[in-house]
Amino acid sequence: MAVKIKLKRLGKIRSPHYRIVVADSRTRRDGRAIEEIGLYHPVQNPSRIEVNSERAQYWLSVGAQPTEPVMAILKLTGDWQKHKGLPAPAPLKVAEPKDKRAAFEAFTKGLEGDDAKGEAITQKAKKSDKKADEAADAAASTESTEA
């Protein structure tokens, strides 16, 4: 039986997330898996990649073949290089938790010097201005058809 390490798709239409699974090569993409060894969430910024390195090394050592997307993930995490005996890659970026409150307060301090009244920045067009613009467009279009 040929064993593959592949991605199992989960999530909604425009918010996919995947599980890295070990499965028989004949099963369908989202079918039954032998074991789940990781997660991949590409929509998050930066992408969330979690791989159980010990289990990935085991499955690679017994002959499981990764698909191309999984091989790219394993190269990013360094598991592929560890399996092949190559030097480790640079560490992955880890998202630092942002203090949203401090960023908001810094932004509002910059606005206090200005005349911030909590109103919209752009002025709403008055109905009379819209009617005048429509009349000017209509006049221009009749002139171009007459010429």
Do [X] and [Y] belong to the same hydrophobic cluster, where Ile, Leu, Val, Met, Phe, Trp and Tyr are linked whenever their side-chain heavy atoms lie under 4.5 Å apart, directly or via other members?
X: Met71; Y: Trp59; answer: yes
X: Val70; Y: Leu86; answer: no
X: Leu39; Y: Val43; answer: no

If you look at every heavy atom in Asp24 and Ala2, which pair is closest and at what distance?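 Answer, listing the atom of Asp24 first, then Ala2: OD1-O, 3.1 Å.
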If I compare all heavy atoms of Pro42 with all of Ser47, which pair ends up nearest, and what's the gap?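 Answer, listing the atom of Pro42 first, then Ser47: O-OG, 3.4 Å.
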Taking the side chain as every heavy atom from C-beta outward, state whether Pro66 and Leu60 have any pair of such atoms under 4.5 Å apart.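 Touching, per the 4.5 Å side-chain cut-off.
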Can you measure from CD1 (Ile37) to CG (Leu74) and round to the nearest 0.5 angstrom?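 One gets 6.5 Å once the value is rounded to the nearest 0.5 Å.
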Under the side-chain hydrogen bond (donor to acceptor under 3.5 Å, both in side chains) definition, can you give me all pairs with a residue in residues 3-18, not counting sequence neighbours?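 Found Lys6-Thr27.
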From CA spacing to verdict: side chain to side chain contact (heavy atoms under 4.5 Å, CB included), Gln65, Ile5: CA-CA 6 Å; Gln65 295 296 314; Ile5 304 174; over 6 Å; no
Can Leu10 and Arg19 be said to form a side chain to side chain contact (heavy atoms under 4.5 Å, CB included), step by step? CA-CA 8 Å; Leu10 302 167; Arg19 291 188 183 155; 3.3 Å; yes
Residues Val3, Val22; criterion side chain to side chain contact (heavy atoms under 4.5 Å, CB included); working and verdict: CA-CA 7 Å; Val3 178; Val22 178; 3.3 Å; yes
Would Ser61 and Gln57 satisfy side chain to side chain contact (heavy atoms under 4.5 Å, CB included), going step by step from the backbone distance to the final call? CA-CA 6 Å; Ser61 69; Gln57 291 302 315; over 6 Å; no
For residues 46-64, which residue pairs pass the salt bridge (charged side-chain N to carboxylate O under 4.0 Å, His left out) check, not counting sequence neighbours?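 Output for this query lists Glu35-Arg55, Arg48-Glu50.
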Results of side chain to side chain contact (heavy atoms under 4.5 Å, CB included) for Ile49 - residues two or more places apart only: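 With sequence neighbours excluded, Ile49 shows a side chain to side chain contact (heavy atoms under 4.5 Å, CB included) to Tyr40, Val51, Ile73, Leu76, Thr77, given in chain and number order.
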